[in-house]
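Below is one structure, written out as structure tokens; the observations come after it.
Per chain, numbering begins at 1; letters A, B, ... match sequence-line order.
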Protein chains: 2
Amino acid sequence: MRDTDKDIIRGLRLFADVEADKFDSLMMAAYAQRFPAHVDLIREGETADFLYIVLEGSVELFSTSHGRETSMAIVAPVSTFILAATIKDAPYLMAARTLEPSKLLLIPSSNVRTVFGDDPAFARAIVTELASCYRSVVKSMKNLKLRTAIERVGNYIIRLHDKSGKADIVELPFGKRNLASILGMTPENLSRAFGALQSHGIMMDGARIEILDRAALEAISKPNPLIDDPRS
Amino acid sequence: MRDTDKDIIRGLRLFADVEADKFDSLMMAAYAQRFPAHVDLIREGETADFLYIVLEGSVELFSTSHGRETSMAIVAPVSTFILAATIKDAPYLMAARTLEPSKLLLIPSSNVRTVFGDDPAFARAIVTELASCYRSVVKSMKNLKLRTAIERVGNYIIRLHDKSGKADIVELPFGKRNLASILGMTPENLSRAFGALQSHGIMMDGARIEILDRAALEAISKPNPLIDDPRS
DNA sequence: CGGAGTGTTGAAAAATTTCAAGGGTCGTGG
DNA sequence: CCACGACCCTTGAAATTTTTCAACACTCCG
């Protein structure tokens, strides 16, 4: 692995306080690799041989059952995925594929578990990361169960707006088909939701969204920090 | 705390390998308490002062947003709840109330975090428990997003059947109103789903369900181990 | 004996999905 | 370089699912 990669990884909260020799032993076993877009990385049901970290690009986590498919999450840099399966040495509950050309770090699960046992700082970082993942899924589930389709779309736009530093125009970070699946609806329904929201403070133009009236958007979306706030 | 309680707790996987003095320091700070049915234990947004463990009875985790409410999970003995908030010292994302008279163990969050740092065996147990919780929510979410209402109800019955050791008659462990919310539908819709399933291998009688034709029930429910299997 | 809470059923309303068609973009191969 | 096909997004209309509203039976408890 290249030293520049190593520096980036060292900077992650997950590894920040890991002892030097433990970190080196993890990195020795790990390797960074580039993948083209739309490549299958893992399949549901396989056992978790590696912990993955997205360094560049983005990865879709999705699940399938009897002919239906749904996106569970999109992982952007810099984040881990399938940490829980790695910890439990259990089969993946979600499949993963690249959405765009991506650079990933793969660390053998057994090494992760070993260092977890040897290095309390790493253990603490792992458990914090896992707790964050858990809370993130809980928020997704609240989003799905407590909101209508239009509210979900509206709040998604509000979050984009916040992330952009309240820019006048925000851009969808991936295709509407994927977004629809993440938000638990069909692409057609997402299209109509965007249409409906144009009377409530936004103006769509392809993947670009102009925020004209944030207050109106909030009025119909009813944001809730305990669902939307990425901190907490 | 009574010694019999202590023995029960010592038997939990979470505490099985904890060093004796660490365990005692946790138990010294903890207390077991009985609560009547339908008592609010915690509210969303409060900070996580305690880790809870259900010793007897059952607890509903639920969430609210702008006048709507949904059940997120029902916690049966012996399990923890709100572990992630405890670890992160963050606000609860879910509220909790007893469903029936219950006995709970409350351990101050700060003690949990301290022992987590001091005792590698406890750290490992915590992270395993948390990973299980995470995987459990992911499965719930797959259940919601990949299945129709009838399939969710059918698979719920199949799980009950399995848990009972394939008894001819199984009993719903809590009210249909709660079950409907857990399964992401209205009580009316659950009623109709039960009705529809009577042509597919079951016979309802109040809270009792007779399993007449497991194969027919599976045919319409399409079970999937990566959603339904509580192990894995 | 009320009265509250729970579960069921029917009918109407609303939300969502499905099906079908068409416009647009992009990349590849002729 | 252009044409074609593949894919994505949008829109309309119909079908389906789900929710809502209303009424009613039943049980449990005070």
Assign the ring pair Y31(B) / F50(B) to parallel, tilted or perpendicular, where the plane angle (0 to 90°) is split at 30° and 60°. perpendicular
Heavy atoms of other groups near D40(A) CG, more than 12 under 6.0 Å: yes
Got a sec: does the CZ of R68(B) have more than 12 other heavy atoms crowding it under 6.0 Å? yes
Residues at least two apart in sequence or cross-chain that pass side chain to side chain donor-acceptor pair (under 3.5 Å) with E69(A), listed by chain then number, are R97(A)
Kindly determine whether I9(A) and L55(A) satisfy side-chain contact (heavy atoms from CB on, under 4.5 Å), including the steps that lead there. CA-CA 8 Å; I9(A) 296 156; L55(A) 299 176; 4.2 Å; yes
Side chains of K142(A) and T70(B): any donor to acceptor distance under 3.5 Å? no
Taking side chain to side chain donor-acceptor pair (under 3.5 Å) as the cut-off, I'd like each qualifying pair that reaches into residues 206-231 of chain B, sequence neighbours left out, listed once. S65(A)-N224(B), R147(B)-D228(B), E151(B)-K222(B), H161(B)-R214(B), D162(B)-R214(B), R214(B)-E218(B), D229(B)-R231(B)
5'-most to 3'-most nt of DNA chain C touching chain A (<4.0 Å, heavy-atom partner on protein side) reads dT16(C) to dC19(C)
Residues of residues 171-181 of chain B with a heavy atom under 4.0 Å from any atom of DNA chain C, listed by number, are G175(B), K176(B), R177(B)
Classify every nucleotide of nucleotides 13-30 of chain D by which part a protein heavy atom approaches to under 4.0 Å, writing B for the base, S for the sugar-phosphate alone and - for neither, in 5'-to-3' order. B----SSBB---------
Please list, chain by chain and in numerical order, all residues satisfying side-chain contact (heavy atoms from CB on, under 4.5 Å) with S140(A), sequence neighbours excluded. M141(B)
About how many Å separate CZ of F194(B) and OH of Y156(B), when rounded to the nearest 0.5 Å? 8.5 Å
Begin from the C-alpha positions of I227(A) and N155(A) and carry the test side-chain contact (heavy atoms from CB on, under 4.5 Å) through to its verdict. CA-CA 10 Å; I227(A) 300 179; N155(A) 282 296; over 6 Å; no
